[in-house]
Amino acid sequence: MTAPTNPDPIVIYLVDGDRVVPIPGLVDFNLTVENPEVNEERDDNRRRVNPRRAQQLRRRRRANPGDISLTLDYNPLDQVHRKLLDAGGDDILLTLRIVARDAGGQTVRAREVDCSVLRYTLSCRQTRRRRMLEEGRIYSCEADLRLQRHGDFYSVM
């Protein structure tokens with residue numbers, strides 16, 4: 001058995017009863033903490049910021065310390081994606097398991113946290129021609145979820 005060459009350093013799972021399911025299509029993960037440097041960067045109007053970075057700063061401005069943000073390459077047919085979005089509408093408490101791995105793919109730390117979906121945003125746009133040909137998808141959808149943490153992280157290792 002060979003170890004993966006470039007495993008993801010952080011993998012996020014949805015704990016659903018007895019099942020632990022990886023969240024597919026995870027593009028971005030952010031845990032909001034108090035960070036004075038981000039506040040300085042946000043307040044510096046003279047500095048030019050690329051559009052993606054500006055979007056991240058706006059998201060952080062609206063977030064409270066302890067909030068978790070997830071960005072997914074959204075697939076409406078995926079059961080895990082639907083469960084995450086349905087939890088926002090039904091005010092259901094979710095449990096996420098965040099696993100950190102080393103370069104060899106071995107689990108270094110695994111923590112769980114209970115959270116609820118505060119809000120989510122769906123955006124769809126037509127894919128670029130090259131990506132359309134590679135993946136066979138005409139549209140690309142993205143889901144931005146903002147989760148509120150309930151309690152502290154607890155270790156599961």
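Numbers here are sequence positions counted from 1.
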_Please say yes or no: joined through hydrophobic side-chain contacts below 4.5 Å, possibly via intermediate residues, are Phe29 and Val113 part of one cluster?_
yes

_Pairing residues for Thr121 by the side-chain hydrogen bond (donor to acceptor under 3.5 Å, both in side chains) criterion, not counting sequence neighbours_ = none

_Checking Leu147 against Leu96 for the side-chain contact (heavy atoms from CB on, under 4.5 Å) test, could you report, in this order, the C-alpha distance in whole Å, the side-chain angles of both residues, the deciding distance, and whether it holds?_
CA-CA 10 Å; Leu147 309 171; Leu96 297 180; 3.6 Å; yes

*Between Phe153 and Ile68, which heavy-atom pair has the shortest distance, and what is it?*
CZ-CD1, 4.4 Å

*Quick one: name the residues clustered hydrophobically with Ile92, using the 4.5 Å side-chain heavy-atom rule over I, L, V, M, F, W, Y, and just say none if it's on its own.*
none

*Non-neighbouring partners of Asp78 that pass side chain to side chain contact (heavy atoms under 4.5 Å, CB included), sequence neighbours left out*: Pro24, Asn75, Val80, His81

_Partners meeting side-chain hydrogen bond (donor to acceptor under 3.5 Å, both in side chains) with Tyr120 (sequence neighbours left out)_ = none

*Mind checking side chain to side chain contact (heavy atoms under 4.5 Å, CB included) for Val15 and listing every partner two or more places apart, or none if nothing turns up?*
Val20, Thr95, Arg97, Glu112

*Treat each ILVMFWY residue as a node, draw an edge where side-chain heavy atoms are under 4.5 Å apart, and state whether Val21 and Val11 are in one component.*
no

*Decide yes or no for Ile98 and Ile10: does some side-chain heavy atom of the first lie under 4.5 Å from some side-chain heavy atom of the second?*
yes

*Can you find a heavy atom in the side chain of Tyr74 that is under 4.5 Å from one in the side chain of Val27?*
no

*Can you name the nearest heavy-atom pair linking Ser116 to His150, along with the distance?*
OG-NE2, 2.8 Å

*Qualifying residues under salt bridge (Lys or Arg N to Asp or Glu O under 4.0 Å), relative to Asp86, sequence neighbours excluded*: none

*Separation of Gln79 CD from Leu14 CG (nearest 0.5 Å)*: 11.5 Å

*Under the side-chain contact (heavy atoms from CB on, under 4.5 Å) rule, what do Leu26 and Leu72 come out as? Steps first, then yes or no, please.*
CA-CA 5 Å; Leu26 187 66; Leu72 307 173; 3.7 Å; yes

